[in-house]
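Hydrogens, waters and symmetry mates are skipped; everything else that's a heavy atom, side chains included, is used. Bear in mind that the values here come from a model prediction, so they are computed numbers and not experimental data.
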Amino acid sequence: MQSSAVFSLSPSLPLLKPRRLSLRHHSLTTASSDLNISPNVVSIPSLSRRSWRLASSDSPLRAWSGVPSSISHSLDTNRFKTAATAVPESAEEGDSSGKLTKILELGLLFAMWYLFNIYFNIYNKQVLKALHAPMTVTLVQFAVGSVLITIMWVLNLYKRPKISGAQLAAILPLAVVHTLGNLFTNMSLGKVSVSFTHTIKAMEPFFSVLLSAMFLGETPTPWVLGAIVPIVGGVALASISEVSFNWAGFSSAMASNLTNQSRNVLSKKVMVKKDDSLDNITLFSIITLMSLVLMAPVTFFTEGIKFTPSYIQSAGVNVQQIYTKSLIAALCFHAYQQVSYMILARVSPVTHSVGNCVKRVVVIVSSVIFFKTPVSPVNAFGTGIALAGVFLYSRVKGIKPKPKTA
């Protein structure tokens, strides 16, 4: 026997007006013929056959209430929105904390990059000033780096790569110009001040544009050419007013620019096949090992063995100080290049170029303060113009010319 539920509305309650009861369920559909609705009586047949949850906030069927439907709907909607936004807020908090951690990590890497550069240039200059043997100093730096790389691979601190003979043949030209670039830099640092060497090395964008146009067929944009002008002009102005200027130091720094930028061009023209085992840090490690092998015989046949205690004592230099400063300089030399590649893996090349420009400013200023290098107003003005040009170049070199419309 079917049961029926009857709700009688008394006429003495004017606030409760007859209303149509809307029934919705996600799995059952009630036909309109099952509902008998009169002005004052709502009859729902066969209610006991269905399972309804009346007065549940998440049920499709709403309970009968004297509150107007618009207010009830508003309350339910607000309650739903409050519950729904609770999860995204917690997720956003997690994202913000993760972003903050990455920013702090990147800031620490930049600080280490600059600090290692400062210590390398200061201690390296002191060693080169006391021991006039740039080839021996360069060889020591490659040797210390090679020891660190070997330890890193043996202890599985970094994955040891599997390199084929074809890849080694492709990397060899990069190792040659890398070796020459570091040798020429040390030769320049032994002849002129640290600040002047790094001012000349601000000419690297000029050689990059020149070699890319000659060997890669890349035509520089007007923006790039406009940035090159203050670089060349600033270096020229700083050179004519440099107190420690000599042609050996100037030419060595220029040769360092040429070889370093040749390495960049070669890495594009003779592209090594990339795989999971050959990232930038691994490539730098292999180049360091190959540079040691290339540098050792040349050093022994030209300068001889000048890093023995007897030779250092005969030169009137403290042996322990030379060994300690050489070791610190070599460690910082390898560390700042490793950190540089770690930063490059986290930021865009443009950001890395800007950071490199700032690094050069930091090195110049710190070396001037530490060594008390005399700087004339003209020299400071020329250095500032050159560094401003480098910064401008790092910002505009990524701008592509607009394609010509037919």
Does one side chain, of Asn182 or Thr185, offer a donor that lies under 3.5 Å from an acceptor on the other? no
Which atom names give the shortest non-hydrogen contact between Ser188 and Gly249, and what distance separates them? OG-O, 3.0 Å
Geometric class of the Phe110/Tyr114 ring pair [parallel <30°, tilted 30-60°, perpendicular >60°]: perpendicular
Side-chain contact, heavy-atom cut-off 4.5 Å: Ser262 with Leu258? yes
Is any side-chain heavy atom of Tyr336 less than 4.5 Å from a side-chain heavy atom of Leu331? no
Within-4.5 Å side-chain heavy-atom neighbours: Arg360 and Lys201: yes
Between Ser348 and Thr351, do the side chains contain a donor N or O and an acceptor N or O under 3.5 Å apart? yes
Between Lys125 and Ser367, is the side chain to side chain donor-acceptor pair (under 3.5 Å) condition met? List the steps. CA-CA 10 Å; Lys125 175 63 178 178; Ser367 65; over 6 Å; no
Which pair of heavy atoms, one from Met135 and one from Thr302, lies closest together, and at what distance? SD-OG1, 2.9 Å
Roughly how far, to the nearest 0.5 Å, is the CG atom of Leu266 from the CD1 atom of Ile171? 12.5 Å
Check: Thr136 main-chain N/O paired with Glu303 side-chain donor or acceptor under 3.5 Å: yes
Using the side chain to side chain donor-acceptor pair (under 3.5 Å) definition, which of the options Thr383, Asn379, Thr373 pairs with Glu242? Asn379
Output yes when a side-chain donor or acceptor of Ser239 lies under 3.5 Å from a complementary backbone atom of Val235, and no otherwise. yes
Pairs of donor and acceptor atoms involving the side chains of residues 142-156, under 3.5 Å and at least two apart or interchain, shall be tabulated with distances.
unit_1: Ser146; atom_1: OG; unit_2: Phe142; atom_2: O; d: 2.8
unit_1: Thr150; atom_1: OG1; unit_2: Ser146; atom_2: O; d: 2.8

Take Tyr119 and Lys325, measure what side chain to side chain contact (heavy atoms under 4.5 Å, CB included) needs, and give me the verdict at the end. CA-CA 10 Å; Tyr119 274 94; Lys325 291 179 179 179; over 6 Å; no
If only atom types and distance count, is the side chain of Asn260 paired as donor or acceptor with the main-chain N or O of His178 below 3.5 Å? no
So Phe245 and Phe250, would you call those rings parallel, tilted or perpendicular, with 30° and 60° as cut-offs? tilted
Is there a side-chain contact between Asn280 and Met342 in this structure, where contact means two heavy atoms from C-beta onward sitting under 4.5 Å apart? no
Using every non-hydrogen atom in the two residues, find where Gly181 and Ser256 come nearest and quote the distance to one decimal. O-OG, 3.3 Å
Closest heavy-atom pair, Pro134 versus His132, reported as atoms and distance to 0.1 Å, is CD-C, 3.8 Å
Starting at CD1 of Ile122, measure out to CD of Gln126 and round the result to the nearest 0.5 Å. 7.5 Å
Evaluate Ile287 against Ser291 for side chain to side chain contact (heavy atoms under 4.5 Å, CB included), listing each step before the verdict. CA-CA 6 Å; Ile287 289 175; Ser291 296; 3.9 Å; yes
Side chain to side chain donor-acceptor pair (under 3.5 Å) between His198 and Asn121: does it pass, once the steps are laid out? CA-CA 10 Å; His198 281 275; Asn121 282 278; 2.7 Å; yes
Correct closest heavy-atom pair for Leu109 and Val339 would be O-CG1, 3.3 Å
What's the spacing between Leu174 CG and Leu283 CG if we round to 0.5 Å? 6.5 Å
Nearest-0.5 Å distance that lies between atom CG in Leu210 and atom CD in Gln261: 10.5 Å
Stepwise side chain to side chain contact (heavy atoms under 4.5 Å, CB included) test for Val317 and Gln313: CA-CA 6 Å; Val317 183; Gln313 286 178 349; over 6 Å; no
Could you check whether any side-chain N or O of Arg395 sits under 3.5 Å from a backbone N or O of Phe391, counting only pairs where one atom can act as donor and the other as acceptor? no
Nearest-0.5 Å distance that lies between atom CZ in Arg346 and atom OH in Tyr341: 15.5 Å
What I'd like to find out is whether the side chain of His352 reaches to under 4.5 Å of the side chain of Trp113, using heavy atoms alone. yes
Could you check whether Phe307 and Tyr323 have their ring centres less than 6.0 Å apart? yes
Flag, side chain of Ser314 to backbone of Tyr311, donor-acceptor distance under 3.5 Å: yes
What's the separation between atom CD in Gln337 and atom CZ in Phe284, rounded to the nearest 0.5 Å? 4.0 Å
Just wondering, are more than 12 heavy atoms of other shown residues or ligands nearer than 6.0 Å to CG in Leu225? yes
Identify the heavy atoms of Phe120 and Ala329 that sit nearest to each other, and give their distance. CD1-O, 3.2 Å
So, do Ile364 and Leu387 sit near enough that their side-chain heavy atoms are less than 4.5 Å apart? yes
Quick one: are Val192 and Asn246 in side-chain contact, heavy atoms under 4.5 Å? yes
Within 6.0 Å of NZ in Lys191, more than 12 heavy atoms from elsewhere: no
Are Leu128 and Asn186 close enough, and set up right, to give a side chain to side chain contact (heavy atoms under 4.5 Å, CB included), and what steps lead you there? CA-CA 8 Å; Leu128 289 167; Asn186 284 335; 4.1 Å; yes
How about Asn264 and Glu204: does a side-chain donor come under 3.5 Å of a side-chain acceptor? no
List for me each residue that meets side-chain contact (heavy atoms from CB on, under 4.5 Å) alongside Val232, sequence neighbours excluded, and say none if there are none. Met203, Phe206, Ile228
